Every structure is written in structure tokens, then in C-alpha cells.
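Notes follow once the structure below has been shown.
Source: prediction; values computed, not measured. Worth knowing before you read on, the calculation uses all heavy atoms, side chains too, and leaves out hydrogens, waters and symmetry mates.
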Amino acid sequence: MNHPAALIVFTLLAVVELVADKLPKTPARTAPAGLITRIVLGGFCGAVLATSAGGSLLLAVLIGVIGALAGTFAGYSVRHALVQRAHLPDFRVALVEDVVAITGGLLILSHI
């Protein structure tokens, strides 16, 4: 993960996900393919952080998976409620959701 190529690949994948999430035909994040991907990547992120910080690998993977599940369902619920009940435009809610997710991730990483 400490290689520039890894940084480039994961940054490009994150940008693709940000764009794809805004497309009208993108399936819900709770659909099996998206959910499984989020679970795997959450566990992977936990493993990377544990490896770099010298922590418990199993615990970090478990926390990463739980975080991915919580983020998936909480984000979906909040976004859906804001669009349906508050009648806010989905695209704007999605942009705010992205800002919150990115900021939250940076805050977590800054404390590790």
C-alpha cells in the first residue's frame, strides 16, 4: 500500500465510485454486488490500517466490516429519507453525503 501505483489505483477507483453513485441506473448500495464489495473493501481497509499501526489484524478487519455495513445502511437510510420525506434533490444529498464520508474518513485516519 506504500507504493505510488497503489495510491493511483485506489484514488481512481474512489473517483469512479463517486461518479457512478450519481448515475440514475446505479443499483442501490444495499444490493448484493455493491454490499459485498463494500464489506470486502471495509475489511481490506481495516487490515491495511492494522498492518500500518501494528494493531490486531483480526480485530481491525472485523471493525472495518462492521463500519462498512453500518455506513452502507445508515447512508442509504439517511439519503433515502432526505430525498423522500424532505423532498431534497437526490444529487445534492449525494454530494453532501460524499463530503461527510470523505471528511469522516480523513478524521479517522488523522487519529490513527
Side-chain angles (χ1 to χ4, degrees):
M1 289 306 300
N2 198 21
H3 194 275
L7 176 64
I8 291 168
V9 168
F10 284 107
T11 300
L12 289 174
L13 288 172
V15 170
V16 167
E17 196 277 333
L18 283 171
V19 172
D21 185 48
K22 311 303 176 286
L23 300 175
K25 292 189 179 192
T26 300
R29 68 188 71 191
T30 56
L35 185 60
I36 291 167
T37 302
R38 289 173 191 275
I39 290 168
V40 169
L41 290 176
F44 179 71
C45 288
V48 169
L49 290 173
T51 302
S52 68
S56 167
L57 184 62
L58 182 59
L59 180 61
V61 169
L62 182 61
I63 291 171
V65 167
I66 291 169
L69 286 168
T72 297
F73 288 101
Y76 178 81
S77 296
V78 169
R79 182 171 168 183
H80 189 268
L82 288 171
V83 170
Q84 296 298 316
R85 294 186 188 133
H87 305 290
L88 296 172
D90 185 62
F91 185 76
R92 289 185 185 162
V93 173
L95 291 177
V96 171
E97 180 186 26
D98 291 341
V99 170
V100 169
I102 291 167
T103 302
L106 292 174
L107 284 171
I108 290 169
L109 287 176
S110 70
H111 288 86
I112 293 180

Handout entry: Gap between atom NE2 of H3 and atom CD1 of I8 - 0.5 Å precision
Key = 9.0 Å

Practice task
For the pair D21 and R79, evaluate side chain to side chain contact (heavy atoms under 4.5 Å, CB included) and give the outcome as yes or no after the intermediate values.
Solution key: CA-CA 12 Å; D21 185 48; R79 182 171 168 183; 2.9 Å; yes

Problem - L13-V48 co-clustered via ILVMFWY side chain contacts under 4.5 Å - result: yes

Practice task
Dump the intermediate steps for salt bridge (charged side-chain N to carboxylate O under 4.0 Å, His left out) on R38 and E17, then the final yes or no.
Solution key: CA-CA 11 Å; R38 289 173 191 275; E17 196 277 333; 3.5 Å; yes

Problem - Hydrophobic cluster identity match, V83 and V78, side-chain contacts under 4.5 Å - result: yes

Please table the atom pairs, donor to acceptor, closer than 3.5 Å between any side-chain atom in residues 98-108 and protein atoms at least two apart or in another chain.
from : atom 1 : to  : atom 2 : distance (Å)
D98  : OD2    : K22 : NZ     : 2.3
T103 : OG1    : V99 : O      : 2.7

Can I get a per-line list of side-chain donor-acceptor pairs under 3.5 Å for residues 60-77, giving both atom names and the distance, sequence neighbours left out?
from : atom 1 : to  : atom 2 : distance (Å)
T72  : OG1    : A68 : O      : 2.7
S77  : OG     : F73 : O      : 2.9

